[in-house]
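A quick write-up on the structure given underneath.
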Amino acid sequence: MKTLVYSAKDFEIPYLEKANCKKHEFTFLEASLSSESAVKAIGYEAVSISSSGKASTIVIEKLKDFGVKYITLRAVGHDNVNLKAANTFGIKVANVPAYSPCAIAEHAVGLLLTLNRKLIEANKRAKSFNFNLNNLIGFDLNNKTIGIVGTGKIGAIMTKIMHGFGCELLGYDIVENEELIKKYGMQYQSLEALCKKADIISLHVPLNSETHHLIDEDLIDKMKPGVVIINTARGAVLNTEDVIKGLRSGIIGALGIDVYEKERGLFFTNHSNDIITDEMIIKLNAMPNVLITGHQAFLTEEALTNIAETTIYNLDCWSKNRETENELTKTVTETV
Ligand code: NAD
């Protein structure tokens, strides 16, 4: 199938080529899918996009006019695709529902440990042979309470890992996972109760109209002073302005984020020679207790291999006029 691969980055092209075995005719494009770049899809039956692309109603309408029949997402989260519009215009959309939940959960733990044990500052000092230990004090994770918000595939792995550290586990989800209750003593709570009790809060819910700005000033004001918040889900699950206030007041002791509310157009690209005008990211970057990575939690060999293989599988199914079980347009949920 003739496929235009948007947001194709050097690091993932070899994985896609290997999984493809020259079955589908790929064109790799560095630009993300947008209203401007949609025109590039003329003559292609399918497009593949990442989380940086935006398939809004207008973009989907354009793709339909250009003859595109399929969109395959190289991601789990699909908040960037208007599935209702895709259904209306008869474009099938599929994602990669679980490429490696371990990759994401392990990155979340990496952010937590790096912040808590002040590893970046420690290493900066060591590089200049400064082995002074002042201001590098962290806390034991053992016996601390962690709140896992969203206990699906990634949240479940996070639960298992944090249980290994000896943490008390609180969960919040619209669906309770019985296995986590039995195996790890997970206690499900209201979000408010979780926020009041947790020393650490890790977010693993998808972004939708219910989770948009789920963590806001109201909840932050109820949190334990010094709470550590980790977000590897989607940026807009946090109200970033409110989080900045919480960091400034000291309620939030540290923040680790792999995703950011305004990451589109900023992440996945080198802006080191640009003048950055986004005030929120400037404020966050200026704080020593904030650790930011640029949406790289998925960046492991295993995850990239699974993403590539599932992307090819989705295209294989469509090229044989078969359904893929990864199709999202069959069960359309509300997107923001
Ligand atoms: P999942 O579907 O297995 O789990 C999501 C959980 O959230 C489910 O248990 C669901 O019931 C719960 N949930 C949904 N809406 C909710 C609500 N309104 N309130 C409370 N709980 C709610 O998904 P997953 O594989 O665990 O992935 C979670 C999210 O992580 C994805 O949607 C994606 O946005 C993000 N993600 C980020 C990266 C990254 O590189 N940083 C990579 C993969 C996924």
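Just follow the structure's listing: the first ligand is 1, and inside any ligand the first atom is 1.
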- Any chance you could lay out the salt bridge (Lys or Arg N to Asp or Glu O under 4.0 Å) test for Glu192 and Lys196, step after step, and finish with the verdict? CA-CA 6 Å; Glu192 194 179 314; Lys196 280 182 181 162; 3.4 Å; yes
- Would you check, one step at a time, whether the test salt bridge (Lys or Arg N to Asp or Glu O under 4.0 Å) holds for Arg125 with Glu121? CA-CA 6 Å; Arg125 289 186 197 181; Glu121 170 61 17; 2.7 Å; yes
- Should Leu299 and Leu304 be marked as a side chain to side chain contact (heavy atoms under 4.5 Å, CB included) after you check the CA-CA gap, both sets of side-chain angles, and the distance that decides it? CA-CA 7 Å; Leu299 215 57; Leu304 288 171; 4.1 Å; yes
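In terms of protein heavy-atom proximity, atom 33 (C) of ligand 1 is closest to Arg234 NH1, 3.8 Å. With hydrogens left out, the protein atom closest to atom 31 (C) of ligand 1 is Val76 CG1, 4.2 Å, a heavy atom. Remark: minimum distance from atom 7 (O) of ligand 1 to any protein heavy atom is reached at Pro206 CD, 3.3 Å. Closest protein heavy atom to atom 35 (C) of ligand 1: Ala233 O, 3.5 Å. Given atom 26 (O) of ligand 1, the protein heavy atom at minimum distance is Ile154 N, 2.9 Å. Scanning the protein for heavy atoms near atom 29 (C) of ligand 1, the closest one is Val205 O, 4.0 Å. The protein non-hydrogen atom at the shortest distance from atom 43 (C) of ligand 1 is Tyr99 OH, 3.1 Å. At the shortest separation from atom 11 (O) of ligand 1 among protein heavy atoms lies Asp173 OD1, 2.6 Å.
Each of the following atoms of ligand 1 lies closer than 4.0 Å to a heavy atom of Tyr172: 19 (N), 20 (C). Close contacts between ligand 1 and Ala297 involve ligand atoms 39 (C), 40 (O), 41 (N) [criterion: under 4.0 Å to a heavy atom]. Near His204, with a cut-off below 4.0 Å to any heavy atom, the atoms of ligand 1 are 5 (C), 28 (C). In the vicinity of Ile104, heavy-atom distances shorter than 4.0 Å reach the ligand 1 atoms 38 (C), 40 (O), 42 (C), 43 (C). Near His295, meaning under 4.0 Å from any of its heavy atoms, are these atoms of ligand 1: 39 (C), 40 (O), 41 (N). Near Phe298, with a cut-off below 4.0 Å to any heavy atom, the atoms of ligand 1 are 40 (O). Each of the following atoms of ligand 1 lies closer than 4.0 Å to a heavy atom of Asn208: 15 (N).
Between Tyr70 and Trp318, the ring-plane angle classifies as parallel under the 30° and 60° cut-offs. Between Phe28 and Phe26, the ring planes lie perpendicular to each other; the angle is over 60°, past the 30° to 60° tilted range.
Backbone and side-chain nitrogen or oxygen atoms of Glu210 are examined, and one is located within less than 3.5 angstrom of a nitrogen or oxygen of ligand 1. Here's the thing with Pro97: none of its N/O atoms is less than 3.5 angstrom from an N/O atom of ligand 1. Polar contact check, Asp258 against ligand 1: a nitrogen or oxygen pair lies under 3.5 Å apart. For ligand 1, the polar-atom distance check finds no N/O of Leu207 at less than 3.5 Å from any of the ligand's N/O atoms.
We find that Glu168 and Lys144 are not joined by a salt bridge, their nearest charged nitrogen and carboxylate oxygen being 4.0 Å or further apart.
Counting only heavy atoms from C-beta outward, the side chains of His78 and Val93 never approach each other to under 4.5 Å. Side-chain contact between Phe165 and Asn142 is absent, with no heavy-atom pair separated by less than 4.5 Å. Annotation: side chain of Phe267 is not in contact with side chain of Ser52 (no heavy-atom distance under 4.5 Å).
For Ile137, the CD1 atom sits in a loose shell: 12 or fewer heavy atoms of surrounding residues, nucleotides or ligands are nearer than 6.0 Å. By the neighbour-count criterion of 12 heavy atoms within 6.0 Å, atom NZ of Lys69 is sparsely surrounded, having that number or fewer from other residues, nucleotides or ligands.
If you look at Ile174 next to ligand 1, the close heavy atoms, those under 4.0 Å, come from the backbone and the side chain alike. If you look at Lys153 next to ligand 1, the close heavy atoms, those under 4.0 Å, come from the backbone and the side chain alike.
Figure legend: Lys2 and Tyr44 shown as a cation-pi pair, the cationic atom lying under 6.0 angstrom from the six-membered ring centre and within 45 degrees of its axis.
Using modelled atom types, no side-chain atom of Asp218 and backbone atom of Asp221 make a donor-acceptor pair closer than 3.5 Å.
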